[in-house]
Amino acid sequence: MASGSTTAVFADFAPQLQSAIGTALENYCRFPEECPAKLAEAIRYALLAPGKRMRPILTLLAAEACGASHEAAMPAACAVEMVHTYSLVHDDLPAMDDDDLRRGQATCHKKFGEGLAILAGDALLTLAFETVAQNIRPAEVAAVCCVELAGAAGARGMVGGQADDLSAGQTAGGALGVLESIHRRKTGAMFRAAMRMGGVVGGASPAALESLDEFGACLGLSFQIVDDLLDVSGDSAEVGKRVQKDADRGKLTFPALLGVDESRRQAEQFIEQAVGALENVATRPSVGVDRLESIARYVLERNR
Ligand code: IPE
Ligand code: IPE
Ligand code: MG
Ligand code: MG
Ligand code: MG
């Protein structure tokens with residue numbers, strides 16, 4: 001660790017944040033009667049399932065590190081979780097990764113059918129932007145958050161990374177640069193947006209925003225490397241999804257390319273880089289920055 005000064009422990013502070021995020025998400029998905037009941041059920045099933053809420057936690061802590069309240073950042077935090085959840089629902093579809101277990105329960109399409117799962121994902125994506133536009137104030141800050149989220153989620157970011165992930169196994173020829181680029185987009189982009197939106201709500205200076213961005217990029221990359229490792233050696237009951245599927249699907253992953261030990265070393269290196277970026281965010285001591293550093297450590301230790 002670059003600093004080693006942190007006293008925050010993720011396992012101690014996460015439950016309270018996860019619970020606050022869960023309550024806020026619940027409030028944002030109470031649908032009026034014109035929403036078909038089955039669609040509302042499918043959206044709530046996917047969104048309110050016990051995810052780790054990593055991205056919204058990052059948004060809250062980035063805002064906190066810049067001196068803003070969790071309350072002010074909560075709509076942006078919920079929006080990033082809505083986009084993330086839509087990406088999981090679609091990622092699990094037969095046309096993509098074809099999975100039947102997610103967050104410890106049947107995948108959305110297994111429970112509600114493919115058509116409704118696709119539509120639940122569509123609705124989550126649009127709900128995210130409605131949530132930001134309607135609830136972040138002032139309106140200029142909401143507009144900047146919408147641009148951040150759209151850029152990260154779209155063709156240049158997460159969706160682009162997912163598109164290349166679909167064909168990478170066949171075409172990449174094992175290139176590490178291609179793999180890193182996929183992981184930076186399919187997972188890193190949303191981590192960056194989570195951090196940047198927190199910074200924007202907190203009125204971060206351009207330099208602080210750059211540091212938050214760098215932290216998110218490195219953390220996201222490391223997070224996806226660890227996700228690849230959990231597919232190799234994780235326990236399905238703990239992870240809440242099937243494991244040992246990437247190799248069968250011919251996925252281009254870090255362990256497939258570099259082996260388990262070197263992949264872990266790479267994940268550790270990106271975490272060190274992430275923690276290093278925090279040095280520029282705020283004058284220490286800062287609870288928000290300490291908590292961000294503890295999340296970075298958690299990413300390496302996590303088993304779900
Ligand atoms: C899973 O994300 C997909 C990846 C980008 C690796 P998470 O591991 O954050 O999944 P949840 O939200 O906790 O279910
Ligand atoms: C998914 O990566 C990244 C997304 C943008 C959803 P994976 O396909 O490895 O995620 P899991 O393992 O299914 O959660
Ligand atoms: Mg996938
Ligand atoms: Mg998948
Ligand atoms: Mg995976």
Side-chain angles (χ1 to χ4, degrees), residues 8-31 38-61 70 73-93 96-112 116-117 120-121 123-125 127-128 131 158 186-187 190-191 194 219-220 222-224 226-231 233-245 291-292 294-304:
V9 176
F10 181 75
D12 293 343
F13 67 79
Q16 189 263 326
L17 293 180
Q18 284 158 339
S19 153
I21 290 160
T23 303
L25 288 172
E26 169 94 53
N27 283 329
Y28 285 130
C29 58
R30 295 182 197 282
F31 297 102
K38 268 286 165 209
L39 178 61
E41 201 189 325
I43 295 166
R44 293 169 60 85
Y45 176 84
L47 186 64
L48 303 180
K52 295 179 288 295
R53 313 302 191 203
M54 291 297 298
R55 298 152 191 81
I57 288 175
L58 291 176
T59 302
L60 298 184
L61 296 186
H70 288 180
M74 191 59 91
C78 288
V80 76
E81 184 66 11
M82 288 166 190
V83 173
H84 166 59
T85 303
Y86 123 75
S87 82
L88 298 180
V89 171
H90 284 193
D91 179 77
D92 289 335
L93 288 165
M96 295 191 71
D97 290 350
D98 192 12
D99 264 307
D100 63 359
L101 187 68
R102 171 66 66 184
R103 294 178 165 175
Q105 61 184 23
T107 45
C108 196
H109 69 273
K110 282 284 170 189
K111 172 106 174 150
F112 295 93
L116 210 58
L124 279 165
L125 178 58
L127 183 63
T131 299
M158 188 268 289
K186 78 172 187 178
T187 301
M190 291 296 292
F191 274 72
L219 191 74
S222 188
F223 188 89
Q224 184 62 50
V226 172
D227 182 82
D228 290 352
L229 285 165
L230 285 172
D231 183 82
S233 54
D235 173 45
S236 178
E238 262 176 330
V239 186
K241 55 190 184 187
R242 299 270 175 242
V243 294
Q244 292 173 12
K245 289 196 73 179
R291 286 179 170 192
L292 287 170
S294 86
I295 289 195
R297 248 194 328 278
Y298 162 77
V299 162
L300 290 176
E301 293 160 3
R302 73 193 181 97
N303 53 13
R304 66 178 282 245

- Please lay out, stage by stage, how L124 and V83 fare under the test side-chain contact (heavy atoms from CB on, under 4.5 Å). CA-CA 6 Å; L124 279 165; V83 173; over 6 Å; no

- Task: Heavy atoms only: give me the nearest P75-T131 pair and the separation to one decimal.
- Result: O-CG2, 3.7 Å

- Result of checking R242, R102, K241 against T107 for side-chain contact (heavy atoms from CB on, under 4.5 Å): R102

- Note: V243 and L230 closest approach over all heavy atoms is CG1-O, 3.6 Å

- Which is it for V80 and L58 under the side-chain contact (heavy atoms from CB on, under 4.5 Å) test, yes or no, and what are the steps along the way? CA-CA 10 Å; V80 76; L58 291 176; over 6 Å; no

- Message: Could you check whether atom NZ of K38 has more than 12 heavy atoms from other residues, nucleotides or ligands sitting under 6.0 Å from it?
- Response: no

- Does the side-chain contact (heavy atoms from CB on, under 4.5 Å) test come out yes or no for F13 and L61, once each step is laid out? CA-CA 11 Å; F13 67 79; L61 296 186; 4.0 Å; yes

- Task: Anything under 30° is parallel, anything over 60° is perpendicular, the rest tilted; go ahead and classify F112 against Y45.
- Result: perpendicular

- Can you check whether I21 reaches M74 side chain to side chain, under 4.5 Å on heavy atoms? yes

- For P15 against F10, the heavy-atom pair lying closest together: CD-O, 4.3 Å

- Item | Smallest separation among heavy atoms of R291 and L17, with atom names | NH1-CD1, 4.4 Å

- Item | Check: E81 main-chain N/O paired with T85 side-chain donor or acceptor under 3.5 Å | yes

- Message: Nearest 0.5 Å, please: how far is CG in L101 from NZ in K110?
- Response: 11.5 Å

- Item | Nearest non-hydrogen partners of T59 and A194, listed with the distance | OG1-O, 2.9 Å

- Query: What is the distance from atom NZ of K52 to atom CZ of F223, rounded to the nearest 0.5 Å?
  - Reply: 4.5 Å

- Message: Taking the six-membered ring of F31 as reference, does the cationic atom of R44 (NZ for Lys, CZ for Arg) lie under 6.0 Å from its centre and within 45° of its axis?
- Response: no

- In Å and rounded to the nearest 0.5 Å, what is the CE to NE2 distance from M54 to H84? 10.0 Å

- Query: How long is the span from the CD1 atom in I57 to the CD1 atom in I295, to the nearest 0.5 Å?
  - Reply: 5.5 Å

- Item | Distance, nearest 0.5 Å, that separates NZ of K186 from OG of S87 | 10.0 Å

- Query: Where the side chain of D92 meets the backbone of D98, is there a donor-acceptor pair that is under 3.5 Å apart?
  - Reply: no

- Note on the structure: Minimal heavy-atom distance between A46 and V89, with the atoms involved, is CB-CG2, 3.7 Å

- Query: Taking NZ, NE, NH1 and NH2 as the nitrogens, is one of them in D97 or K245 under 4.0 Å from a carboxylate oxygen of the other?
  - Reply: no

- Nearest 0.5 Å please: distance from the NE2 atom of H109 over to the CG atom of D100. 7.5 Å

